[in-house]
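Below is one structure, written out as structure tokens; comments come after it.
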Amino acid sequence: MSPTSFTPWDHIKQAIKAMIPNLEYTSWIAPLECSSVNSNQLLIKAPNMLFYQKIHDSYLPLIEKIKTELELDHYMIQFDTVNQGAEDSIEELHDLDAVPPHMASGHQLAPKTPTKAFQAESHLNPQYTFANFVKGASNQFAMSTCQAVANKPGQSYNPLFLCGSSGLGKTHLLHAVGNEVIKQNPDATVAYITSERFMNEMIYCIRFGQTLEFRQKYRNCDVLLIDDVQFISGGKKATQEEFFHTFNSLYGAKKQIVMTSDVLPQSIPDIEDRLRNRFQWGLIADIQPPSIEHRVEILIKKASVLGIKLDLDVAEYIARNKKKDIRELEGAVLRLRAFSEIDNVPITLHLAQTIFQDFFVADAPKKLTVEDIQKTVADHFKIKIADLKSKRKHAAIAHPRQVAMFLARKLTPASLPELGQKFGGKDHTTVLHNVKKIERAIVSDLDLRAVVNSLQRNLEHLY
């Protein structure tokens with residue numbers, strides 16, 4: 001985000017500044033910076049968990065009130081904390097109960113009793129429901145499984161692992177599950193959290209002697225919703241250890257666990273095998289980029305929610321140029337509305353072309369190459385690119401080669417003879433045989449289909 005950009009959060013901060021003493025504003029509100037903005041969320045960075053506790057306990061009602069007064073209710077505020085290096089300081093702690101009391105010493109502000117932030121709270125966005133989720137062929141399976149889970153938590157598809165690229169609606173479905181569970185059973189305890197916040201809260205509780213409260217919060221809930229679980233990787237051993245035991249506790253009690261990730265469990269790097277295996281115990285529901293018809297439907301639905309009548313030709317123009325990220329579609333609608341209101345002109349195809357022409361030209365994708373595919377496939381299967389071009393017929397080499405040929409045939413304009421040359425001088429009939437073999441296999445082999453879909457998503461997002 002540009003340092004000079006003015007966000008909705010800046011408007012909120014200005015309003016707060018006029019309502020509280022200057023010293024109070026300088027101490028607690030001024031340091032809060034908006035690190036990310038999309039059509040319905042503001043990600044606010046807090047210096048640490050203690051700082052977050054103060055904001056949550058003392059200023060959150062004021063922030064929500066000002067949001068309403070400024071007509072910014074459609075934004076959900078998500079707080080995140082900066083704890084760089086904190087994980088490293090506790091890597092040696094294999095048992096959270098073993099944390100010595102002196103770790104919290106010297107912190108006069110350390111809470112002695114559980115505070116609101118560590119009591120059971122859903123953190124759900126009420127705007128994310130099944131009713132306003134635009135269903136299509138690319139996400140129908142994921143939505144159906146989420147509805148089944150919401151209707152019978154812990155009884156079917158546990159855990160449920162939602163996998164798909166960023167911006168395809170995983171978080172929407174995660175919140176929709178929680179909202180539906182609470183709608184059917186208001187007494188149910190539902191907790192939504194990102195994997196990063198899980199780590200931050202765990203570190204905070206270790207430092208201030210609240211490990212018991214932390215465990216009670218996440219091991220006693222009826223439904224645990226974990227967003228972006230792939231970020232639990234990266235050598236965070238203490239976090240993985242705690243999440244492993246939380247998972248076991250909930251699963252053993254037949255409580256529902258739903259997770260989202262940008263990649264399949266087997267593709268999450270630097271994660272313990274015992275966690276990777278547990279992620280695959282239940283059901284993996286894959287979400288693909290929407291088709292052009294689905295994108296048009298999403299655009300018209302989003303516009304309708306904002307009170308905008310979007311003509312079909314305008315929706316098709318945007319949909320043909322924004323192909324993958326639903327958040328970009330939402331942003332396009334908001335941009336259209338802003339220009340229409342500022343210039344007091346109707347939303348037409350000409351207006352859309354004027355607003356987006358330069359953006360769409362800049363976003364025009366580069367061509368995917370066979371070499372890109374070979375590198376991605378080789379990295380996934382942990383083999384060398386030279387192996388894909390060799391004549392070796394061992395299954396550990398032949399299978400990745402077949403997958404690479406299938407993807408190259410599907411995603412590039414290369415002819416069969418050209419592909420044969422790219423794969424070490426193979427005959428074009430050999431290439432065709434390998435392509436057809438994968439085509440037939442993915443119909444019945446769900447694991448292979450998931451791997452191929454994941455590789456295709458990664459490749460499509462290279463450019």
Side-chain angles (χ1 to χ4, degrees), residues 37-41 73-76 78 124-151 157 160-183 192 225 227-228 258-262 283-338 340 347 349 352 356 360 363 453 456-457 460-461:
V37 181
N38 61 38
S39 59
N40 51 29
Q41 186 182 70
D73 279 338
H74 58 287
Y75 285 107
M76 179 181 74
Q78 178 76 42
L124 293 171
N125 184 345
Q127 297 180 7
Y128 288 156
T129 65
F130 291 125
N132 59 27
F133 185 78
V134 184
K135 184 172 68 172
S138 63
N139 60 29
Q140 185 172 357
F141 178 66
M143 180 177 179
S144 297
T145 54
C146 283
Q147 287 175 315
V149 161
N151 291 330
Y157 313 135
L160 176 60
F161 192 99
L162 301 177
C163 181
S165 299
S166 177
L168 296 183
K170 301 187 302 297
T171 297
H172 187 137
L173 285 176
L174 204 60
H175 284 266
V177 169
N179 285 321
E180 184 63 25
V181 169
I182 292 176
K183 178 182 176 182
Y192 165 84
L225 309 170
D227 213 354
D228 290 324
V258 186
M259 298 169 282
T260 73
S261 172
D262 287 352
L283 179 70
I284 297 175
D286 193 51
I287 303 178
Q288 293 295 316
S291 64
I292 184 169
E293 294 82 9
H294 191 190
R295 296 196 296 275
V296 168
E297 187 180 355
I298 291 170
L299 281 164
I300 293 175
K301 180 74 174 284
K302 297 295 182 185
S304 176
V305 170
L306 294 171
I308 302 170
K309 185 181 183 302
L310 198 64
D311 291 338
L312 185 61
D313 58 346
V314 178
E316 286 185 346
Y317 170 71
I318 297 172
R320 289 186 184 280
N321 289 279
K322 292 292 184 184
K323 299 182 179 180
K324 297 166 187 172
D325 194 328
I326 293 174
R327 292 195 188 104
E328 289 186 346
L329 298 179
E330 296 173 344
V333 173
L334 290 172
R335 188 173 178 83
L336 271 176
R337 183 179 70 171
S340 173
I347 296 176
L349 178 60
F356 295 116
F360 291 161
D363 288 344
N453 286 340
Q456 181 173 335
R457 277 198 312 273
E460 288 174 341
H461 280 77

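The first residue in the sequence is number 1, and the count goes up from there. All values below were derived from every heavy atom in this structure, side-chain atoms included, with hydrogens, water molecules and symmetry-related copies excluded.
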**Item:** Flag side-chain contact, heavy atom, 4.5 Å: L160 against V177
**Value:** no
**Message:** Do F161 and T260 have side chains that approach each other closer than 4.5 Å (heavy atoms only, starting at C-beta)?
**Reply:** no
**Request:** Could you please spell out the steps behind the side-chain contact (heavy atoms from CB on, under 4.5 Å) verdict for L336 and V314?
**Result:** CA-CA 10 Å; L336 271 176; V314 178; 4.0 Å; yes
For residues 136-148, run the donor-acceptor check on the side chains, cut-off 3.5 Å, and write out each pair with its distance to 0.1 Å, sequence neighbours left out.
residue	atom	partner	partner atom	Å
S138	OG	Q288	O	3.4
S138	OG	H294	ND1	3.3
N139	OD1	G136	N	2.8
N139	ND2	V134	O	3.2
S144	OG	Q140	O	2.9
T145	OG1	F141	O	3.2
T145	OG1	A142	O	2.8

**Request:** Write out all pairs satisfying salt bridge (charged side-chain N to carboxylate O under 4.0 Å, His left out) with one or both partners inside residues 131-144, taking only residues at least two apart or from two chains.
**Result:**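 Non-adjacent pairs meeting salt bridge (charged side-chain N to carboxylate O under 4.0 Å, His left out): zero.
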Return the [atom1] to [atom2] distance between [X] and [Y], rounded to the nearest 0.5 Å.
{"X": "I308", "Y": "L299", "atom1": "CD1", "atom2": "CG", "result": "10.5 Å"}
{"X": "L162", "Y": "L168", "atom1": "CG", "atom2": "CG", "result": "11.5 Å"}
{"X": "L349", "Y": "E316", "atom1": "CG", "atom2": "CD", "result": "10.0 Å"}
{"X": "T129", "Y": "N179", "atom1": "OG1", "atom2": "CG", "result": "7.0 Å"}
{"X": "I284", "Y": "C163", "atom1": "CD1", "atom2": "SG", "result": "7.5 Å"}

[X] and [Y]: which non-hydrogen atoms are nearest, and at how many Å?
{"X": "I318", "Y": "A332", "answer": "CG2-CB, 3.9 Å"}
{"X": "V296", "Y": "A319", "answer": "CG2-CB, 3.7 Å"}
{"X": "L124", "Y": "G178", "answer": "CD1-C, 3.4 Å"}
{"X": "I300", "Y": "L310", "answer": "CG1-O, 4.3 Å"}

**Request:** Go through the structure and list residues passing ring pair (Phe, Tyr, Trp, His ring centres under 6.0 Å) with Y128, not counting sequence neighbours.
**Result:** H172, H175
**Qualifying side chain to side chain donor-acceptor pair (under 3.5 Å) pairs with a residue from residues 299-315, counting only residues at least two apart or across chains** =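 Found K302-E330, K309-D311.
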**Item:** Qualifying residue for side chain to side chain donor-acceptor pair (under 3.5 Å) with T171, from D227, N125, D228
**Value:** D227
**Prompt:** More than 12 non-hydrogen atoms from neighbouring residues, nucleotides or ligands closer than 6.0 Å to OH on Y157, yes or no?
**Reply:**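 No, because the 6.0 Å sphere around OH of Y157 holds 12 heavy atoms or fewer from other groups.
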**Prompt:** Excluding sequence neighbours, so at least two apart, what forms salt bridge (Lys or Arg N to Asp or Glu O under 4.0 Å) with D286?
**Reply:**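 Salt bridge (Lys or Arg N to Asp or Glu O under 4.0 Å) list for D286, sorted by chain: R457.
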**Contacts of D262 that satisfy salt bridge (Lys or Arg N to Asp or Glu O under 4.0 Å) - sequence neighbours left out** = K170
**Request:** Check whether any side-chain N or O of N132 sits under 3.5 Å from a backbone N or O of Q127 as a donor-acceptor pair, and report yes or no.
**Result:**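 Yes, the answer is positive, given that a donor and an acceptor are paired below the 3.5 Å cut-off.
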